[in-house]
Amino acid sequence: MPELPEVQTTVDGLNKYLVGKKITSVWSDYNSSYFDGKENIKNKKYFSLFKKTVLNSPIKKSERVGKNILIHLKNGTSILVHMKMTGHFLYGEYKKNNKGWLPKESGALRDPFNRHIRLVLGLDNGKSLVLSDMRKFAKVMFIKTKALKDHPDISNIAPDPFQLSMKGFIEKIRQKKSGRIKNILMDQSLVSGIGNIYSDEVLFNVDLHPETDISAINEKKLGEIWVRSKKILSKGIDLGGDSTSDYRNIEGKRGNFQKKHQVYRRSGQSCPKRGCLGKIIRKVVGGRSAHFCNKHQKLVETKIKK
DNA sequence: ACAATATCCTGCGAGC
DNA sequence: TGCTCGCAGGATATTG
């Protein structure tokens with residue numbers, strides 16, 4: 001799912017293809033009463049405003065903030081997109097027929113996961129930037145570029161591990177006095193960019209059980225988490241993101257991080273850590289499935305048992 | 001202050 | 001073969 005490496009891969013793709021292109025048409029079939037009154041193009045009234053605002057403006061550049069994508073336009077507006085779980089941008093020549101939008105070219109863009117087109121931004125070179133979003137969870141809104149830093153969707157996002165020093169990272173994490181390390185790592189207001197897949201992989205690498213209470217983790221270990229987070233997220237970026245499920249890059253192609261998983265979705269398999277004879281197990285932690293080794297990621301008890 | 005649960009939505013694969 | 005159902009997980013709201 002789009003976490004930091006997937007979002008970064010997408011933003012890199014946007015900057016590769018879209019700088020200087022002008023938005024000449026806007027189409028969307030997002031519809032959900034759930035979003036009435038909210039800043040999201042799923043709200044009909046908001047969508048017509050969105051259209052008016054972004055039309056005829058060239059794209060300046062794109063940027064990532066945590067897991068959010070910002071597409072800055074020359075007219076002083078920015079498009080803010082959160083892909084949530086199943087959203088991803090695609091770039092190509094698209095034609096609409098009675099079945100919906102289809103890429104002109106055969107190949108990666110015709111991948112089944114690339115066929116859930118909910119938003120089409122037509123460009124002045126005849127191509128389109130489209131958003132495929134199977135489960136319709138994505139958020140798309142517009143905002144004045146200058147107002148971004150005060151908008152909660154951006155201001156509540158903490159720096160990512162690359163933007164923090166080790167000291168800064170530890171300070172952020174230490175804001176929580178208790179709570180489980182997996183949930184804390186995925187809390188975007190403390191450290192941004194890490195989601196379910198990468199948190200599992202990081203915790204595997206630092207030998208911590210996902211439910212370890214933050215109060216039981218010392219400074220040295222927190223430093224290790226920072227180091228490993230950066231390393232693993234970098235690897236994710238280098239491999240073009242994770243396509244365990246539906247994620248595709250802007251060309252419609254898969255990333256390769258899923259081939260390097262040590263624990264994520266590997267329940268039942270033997271632990272890949274050298275010399276460890278454990279087994280990978282799955283447990284729901286904070287409503288999300290955590291994958292970890294039952295041997296070298298043992299839970300450190302912090303509470304005194306009766 | 002933290003934990004658990006439901007919600008948004010669709011597709012897939014397991015099992016009957 | 002064809003159905004039902006659990007699962008997938010980002011963020012947020014609500015309840016405990």
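Letters A, B, ... are given to chains in the order of the sequence lines, protein chains preceding strands, and every chain is numbered from 1. What you are looking at is a predicted structure, and each value in this text was computed from that prediction instead of being measured.
- Taking atom CG of Asp29(A) as the reference point, atom C1' of dC9(B) lies 13 Å away to the nearest angstrom.
- The closest side-chain donor-acceptor pair between His261(A) and Asp242(A) falls under 3.5 angstrom.
- Taking only side-chain nitrogens and oxygens, Gln188(A) comes nearer than 4.0 Å to OP1 or OP2 of dA11(C).
- Between the NZ atom of Lys84(A) and the P atom of dA11(C) there is a distance of 7 Å, given to the nearest Å.
- Using a 4.0 Å heavy-atom distance criterion, Ser289(A) is classed as a sugar-phosphate-only contact.
- Distance Glu211(A) CD to dC2(B) P: 16 Å, rounded to the nearest Å.
- Linking ILVMFWY side-chain heavy atoms closer than 4.5 Å, directly or via other members, places Leu18(A) and Phe142(A) in a single hydrophobic cluster.
- For the pair Met134(A) CE and dC8(B) C1', the interatomic distance rounds to 13 Å; values are reported in whole Å.
- In this structure, of dA8(C), dC2(B), dG11(B), it is dC2(B) that holds the atom nearest to the side chain of Ser178(A).
- Side-chain N/O atoms of Tyr30(A) and Asp133(A) include a donor and acceptor closer than 3.5 Å.
- Ranked by how close their nearest DNA chain B nucleotide is to the 5' end, Phe113(A) and Val285(A) are led by Val285(A).
- Ring to ring, His82(A) and Phe137(A) are not that close: their centroids are 6.0 angstrom or more apart.
- Distance check on atom P: dG2(C) versus dC9(B) gives 29 Å, rounded to whole Å.
- For Asn183(A) and dA1(B), the CG to P distance is 17 Å, given to the nearest whole Å.
- Under the stacking definition used here (centres under 5.5 Å, planes under 30°), the residue Phe137(A) qualifies as stacked on the base of dG10(C).
- Between Arg282(A) and dA8(C) there is a side-chain N or O to OP1 or OP2 distance below 4.0 Å.
- The Glu3(A) side chain lies nearest to dG10(C) when the options are dG10(C), dA8(C), dA11(C).
- The aromatic ring centroids of Tyr198(A) and Phe257(A) lie less than 6.0 Å from each other.
- Contact between the side-chain N/O atoms of Lys176(A) and the OP1/OP2 oxygens of dA1(B) is not found at any separation under 4.0 Å.
- Figure legend. dC9(B) is base-paired to no nucleotide; pairs are counted as Watson-Crick or G-U wobble with both atom distances under 3.5 Å.
- When distances are taken from the side chain of Lys136(A) to each of dT10(B), dG10(C), dA11(C), the shortest belongs to dT10(B).
- Taking the six-membered ring wherever Trp is involved, the centroid distance between the rings of Tyr247(A) and Phe113(A) does not fall below 6.0 Å.
- In this structure, CE of Met186(A) is placed 12 Å from P of dA3(B), rounded to the nearest angstrom.
- Taking atom CG of residue Asp133(A) and atom P of nucleotide dA11(C), one finds them 14 Å apart after rounding to whole Å.
- At dA11(C), one or more side-chain N or O atoms of His82(A) fall inside 4.0 Å of OP1 or OP2 (strictly under the cut-off).
- Which of dT10(B), dA11(C), dA3(B) sits closest to the side chain of Arg180(A) comes down to dA3(B).
- Of all nucleotides listed (dA3(B), dA8(C), dA11(C)), dA11(C) comes nearest to the side chain of Lys67(A).
- Rounded to a whole Å, the CG atom of Asp242(A) is 15 Å from the P atom of dA8(C).
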